[in-house]
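A note on names: the letters A, B, ... follow the listed sequences, proteins ahead of strands, and every chain is numbered from 1.
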Amino acid sequence: MKLASWNVNSLKVRLPQVLEWLARQNPDVVCLQETKLENDKFPALELEAAGYRCVWSGQKTYNGVAILSRRALATLATEMPAFADEQKRVISASIGEGADAIRVICVYVPNGQAVGTDKYEYKLRWLAALRAWLEQELRSAPRLAVLGDYNIAPADEDVHDPEAWRDRVLCSVPEREAFKKLLGVGLKDAFRLFAREEKSFTWWDYRTNGFKRNFGLRIDHILLGQGLATECRACVIDLEPRRAERPSDHAPIMAELEA
DNA sequence: ATGTCTCAGGGACTGAGA
């Protein structure tokens, strides 16, 4: 089974690329972030025609998340417990039935804008709520996968120029501590389970010709509960969509699970 | 490199967010 996550930066603009990518990679489950679509604008028919059932939670202009699945899926939540939030940043679903069923959570963690701003404080509060939620989820659903744009580069090796990014948003110590606490509830960073090429990233700034120079960050992650981590055979970043005309600023990341 | 992309409001551009 192939699980994937992709921040598409507008599903309206990116739909043709998403359909092309689904046909090429044939993932079983896909978590999308930054759909930027109100719920009644979600392109469910086009995605169903491509063989995917979908659940989504969106809003006008900003944010918005969705889960696509080849198999039947059911929405479990579109908010974190005990965290009132107008911003549509999470959706969870159960996929499959019986002993091999999995629970998938799609997250779009706040960007945080800059260290010390209100948006940064919101990001840290949001991450604390996420940690509490995941801890609770793992108790009832150990076969858990949490995919998305975390807007955190966990370590210096996830940054093209660590000194330039030192203590800046996406790389600051409190954000990295919050990420470690997510792992601490019993999750593995799938990308870290395998030997990695140096300078493997999932996001490159549009502004600085960042992709061509590989000035990127690894901020999109697939976290797996222990059971799924044991079944994980590979985790790769697909650079091809970032080479397209009018690409998203993010590339998809994919994990291959046994069976 | 206040470097680009996307969206909304409003009908050309500006501002927000990333």
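- Residues satisfying the side-chain contact (heavy atoms from CB on, under 4.5 Å) criterion with V185(A), sequence neighbours excluded, are R131(A), L134(A), E135(A), L138(A), L187(A).
- Between S10(A) and dC5(B) there is no side-chain polar atom (N or O) within less than 4.0 angstrom of OP1 or OP2.
- Under a 4.5 Å side-chain heavy-atom criterion applied to ILVMFWY residues, the cluster that includes L45(A) comprises that residue alone.
- Remark: P of dT6(B) and CD of Q33(A) are 17 Å apart, rounded to the nearest angstrom.
- With both ends at atom C1', the span from dC7(B) to dA12(B) equals 16 Å, rounded to whole Å.
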For nucleotides 12-18 of chain B, give me one character per nucleotide, 5' to 3': B if any protein heavy atom sits under 4.0 Å from the base, S if the only such contacts are to the sugar-phosphate, - if neither.
----BSB
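- Computed from coordinates, the L37(A) CG to dT6(B) C1' distance equals 12 Å when rounded to whole Å.
- Scored by the side-chain contact (heavy atoms from CB on, under 4.5 Å) test, S172(A) finds V115(A), Y120(A), P174(A), E175(A) as partners (sequence neighbours excluded).
- Hydrophobic side-chain contacts under 4.5 Å tie L228(A) into a cluster, directly or through other members, with M1(A), L3(A), V29(A), V55(A), V65(A), I67(A), L73(A), I91(A), I95(A), I102(A), V104(A), Y108(A), L147(A), F191(A), F201(A), W204(A), F211(A), I222(A), L224(A), I237(A), L239(A), I253(A), L257(A).
- Heavy-atom distances to DNA chain B give each of R213(A) and S248(A) a nearest nucleotide, and the one nearer the 5′ end belongs to R213(A).
- Of the possible polar contacts, none joining the K88(A) side chain to the Y62(A) backbone as a donor-acceptor pair under 3.5 Å is found.
- Checking dC7(B), dA8(B), dT6(B) against the side-chain heavy atoms of K12(A) singles out dC7(B) as nearest.
- Residue R246(A) has a polar side-chain atom (N or O) positioned under 4.0 Å from OP1 or OP2 of dT6(B).
- Separating the P atom of dT6(B) from that of dG11(B) is a span of 24 Å, rounded to the nearest Å.
- Scanning for side-chain contact (heavy atoms from CB on, under 4.5 Å) contacts around A72(A) gives R53(A), with sequence neighbours left out.
- Comparing the same atom, P, in dG10(B) and in dG15(B) gives a spacing of 15 Å after rounding to whole Å.
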